[in-house]
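See structure below.
No hydrogens, no waters, no symmetry mates; every other heavy atom, side chains included, goes into these values. Owing to the predicted nature of the structure, the values given are computational and were not obtained by experimental measurement.
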Protein chains: 2
Amino acid sequence: MNTLEHRLADFCNHCRTQGFPLTPQRLAIFRAVLASVEHPTAEDIYQSIKPQMPSLSLGTVYRTLEWLAQERFISRVHAPDSPIRFDANRTPHHHLVCVSCHRVADIEDPALDELPIAPERLQGFTVTGHHVQIFGVCPACQKR
Amino acid sequence: MNTLEHRLADFCNHCRTQGFPLTPQRLAIFRAVLASVEHPTAEDIYQSIKPQMPSLSLGTVYRTLEWLAQERFISRVHAPDSPIRFDANRTPHHHLVCVSCHRVADIEDPALDELPIAPERLQGFTVTGHHVQIFGVCPACQKR
DNA sequence: GTTATTGCAAACATTTTGCACCAGC
DNA sequence: GCTGGTGCAAAATGTTTGCAATAAC
């Protein structure tokens, strides 16, 4: 199971055991990434939390997102013509990127997780992972 | 054939027939992208041309690279933790990205050009293309 | 009480833009 | 000569950082 509650409990545990102070800002920021179906930018996260926590600063959001990525609770999504986005989905997946509105959707397909790459083409690189971006026009943009 | 001379002639032709003034700046910038084996950033291009053309401005480099991409003579490469890079390679290919030094190498493999994506997973997106990024450590960084 | 985090503002890196001047056609 | 390109400097954008005040433990 991977419910929101489970993920949050995991996170609190990690902070406690690793000696990272569990601040309301961290909790709110991780919650916001977990809750978002889109892939929010730092600014998106900031705007979504600001109403309930007016003292929050954008710098803290950047620092915390960076730290969450380092601790492997979220990952960064780099798409063209867009600031860095964040993603709490930890199951292996790839991305559908709308070339019109720059929306990013997750795509899960085991066929994409194991690519048949010929080793002799790797030019001596030690591979640590890969990521597929599929470009296209999303349903909403097709209607325009 | 796709020699440098051929690509340049193509480019000059395109400008002539499409009514785009063929300026020394445009020629120098396209030449620089063609000549580079790495995937240069705007700043890289600027620095490489500056000695022979001291009047060149960075703004022109950005404007020209953007225009070259629009006219499909080059493409943009978006890699994590790096400014936008440019690529004159027009044969279908993908990228090897070094997670240590952020170098980007081309990888050509027909297996990557036609991915077996199940249509029902596309969530209504109209697909226009895709791109594979393979992350790893390049030979130079492995030795450190 | 100690230590790490936060808020704030300034700095930074990259890219875009407005405008007067200049060059290609 | 007209049209669009260039150089320059300023602005915009996205992100990072230094530091004093503050909150978690």
Side-chain angles (χ1 to χ4, degrees), chain A residues 11-33 39-47 49-71 73-74 76-86 102 104, chain B residues 11-33 39-47 49-71 73-74 76-86 102 104:
Chain A
F11 172 71
C12 296
N13 252 323
H14 180 81
C15 288
R16 233 174 278 124
T17 59
Q18 303 295 310
F20 294 115
L22 183 54
T23 66
Q25 289 88 341
R26 282 177 174 173
L27 212 48
I29 290 166
F30 184 45
R31 261 211 174 90
V33 186
H39 297 74
T41 63
E43 184 68 36
D44 292 339
I45 300 283
Y46 177 63
Q47 292 303 338
I49 302 174
K50 200 81 203 281
Q52 299 98 56
M53 193 187 277
S55 73
L56 182 69
S57 85
L58 187 53
T60 296
V61 175
Y62 274 102
R63 266 184 300 224
T64 303
L65 289 170
E66 196 53 46
W67 171 77
L68 283 167
Q70 215 155 21
E71 301 295 319
F73 284 101
I74 64 177
R76 292 191 269 183
V77 179
H78 301 263
D81 306 306
S82 163
I84 300 179
R85 295 167 174 279
F86 295 88
H102 307 133
V104 176
Chain B
F11 173 69
C12 296
N13 253 325
H14 180 81
C15 288
R16 235 175 276 124
T17 59
Q18 303 293 309
F20 293 116
L22 184 53
T23 66
Q25 289 87 343
R26 281 177 176 174
L27 212 47
I29 292 166
F30 184 44
R31 258 210 177 91
V33 186
H39 296 75
T41 64
E43 185 69 35
D44 292 338
I45 299 284
Y46 177 63
Q47 293 301 339
I49 302 175
K50 201 80 202 283
Q52 299 98 55
M53 193 186 279
S55 72
L56 182 69
S57 84
L58 187 53
T60 296
V61 175
Y62 274 103
R63 266 183 301 222
T64 303
L65 289 170
E66 195 52 47
W67 171 78
L68 283 167
Q70 216 156 21
E71 301 296 318
F73 284 100
I74 64 177
R76 293 189 270 184
V77 179
H78 301 265
D81 306 306
S82 162
I84 298 180
R85 294 166 175 279
F86 296 87
H102 305 133
V104 177

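Atom NE2 of B:H39 sits about 15.0 Å away from atom CZ of B:R76, to the nearest 0.5 Å. Here the CG atom belonging to A:L58 is positioned 11.0 Å from the CD1 atom belonging to A:I45, to the nearest 0.5 angstrom.
Of the residues B:I29, B:T64, B:L65, the one that meets the side-chain contact (heavy atoms from CB on, under 4.5 Å) test with B:I74 is B:L65. Of the residues B:F20, B:Y62, B:F86, the one that meets the ring-ring contact (aromatic ring centres under 6.0 Å, His included) test with B:W67 is B:F20.
Side-chain contact between B:L27 and B:C12: present, with at least one pair of heavy atoms (C-beta onward) separated by less than 4.5 Å.
Among residue pairs with one or both ends in residues 49-63 of chain B, none qualify as salt bridge (charged side-chain N to carboxylate O under 4.0 Å, His left out); sequence neighbours excluded.
Reading DNA chain C from its 5' end, the first and the last nucleotide to sit under 4.0 Å from a heavy atom of chain B are C:dT14 to C:dC25.
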Pairs under 3.5 angstrom, nitrogen or oxygen only, protein versus nucleotides 15-22 of chain D, please.
| residue | atom | partner | partner atom | Å |
| --- | --- | --- | --- | --- |
| D:dT15 | OP1 | A:I84 | N | 3.1 |
| D:dT15 | OP2 | A:Y62 | OH | 2.9 |
| D:dG18 | O6 | A:R63 | NH1 | 3.3 |

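Atom P of nucleotide D:dG14 and atom CG of B:D81 are separated by 17 Å, given to the nearest angstrom. Per the geometry, CG belonging to B:L68 stands 13 Å off C1' belonging to D:dG5, to the nearest Å. Taking atom CD on A:Q47 and atom P on D:dG14, their separation rounds to 12 Å, with Å as the unit. In this structure, CG of A:N13 is placed 13 Å from P of D:dC25, rounded to the nearest angstrom. The CG-P distance, from A:L56 to D:dA23, rounds to 14 Å in whole Å.
Checked against side chain to side chain contact (heavy atoms under 4.5 Å, CB included), A:Q47 has the following partners two or more places apart in sequence or in another chain: A:E43. Shown here are the side chain to side chain contact (heavy atoms under 4.5 Å, CB included) partners of A:H102, two or more places apart in sequence or in another chain: A:D81. Qualifying salt bridge (Lys or Arg N to Asp or Glu O under 4.0 Å) partners for A:R16, counting only residues two or more places apart in sequence or in other chains: none. For A:Q52, the side chain to side chain contact (heavy atoms under 4.5 Å, CB included) criterion is met by no residue, not counting sequence neighbours. Qualifying side chain to side chain contact (heavy atoms under 4.5 Å, CB included) partners for A:P21, counting only residues two or more places apart in sequence or in other chains: A:T23, A:R26. Listed by chain and number, the residues in a ring pair (Phe, Tyr, Trp, His ring centres under 6.0 Å) with A:F73 are A:F11, A:H14, A:F30 (sequence neighbours excluded).
Within residues 24-31 of chain A, the residues approached by DNA chain C to less than 4.0 Å at the level of any non-hydrogen atom are A:Q25, A:R26, in residue-number order.
With hydrogens and angles disregarded, a donor-acceptor distance shorter than 3.5 Å links the side chain of B:T17 to the backbone of B:N13.
Each end of the helix from C:dG1-D:dC25 to C:dC25-D:dG1 yields a helix axis from five base pairs, and these two axes differ in direction by 40° (to the nearest 10 degrees).
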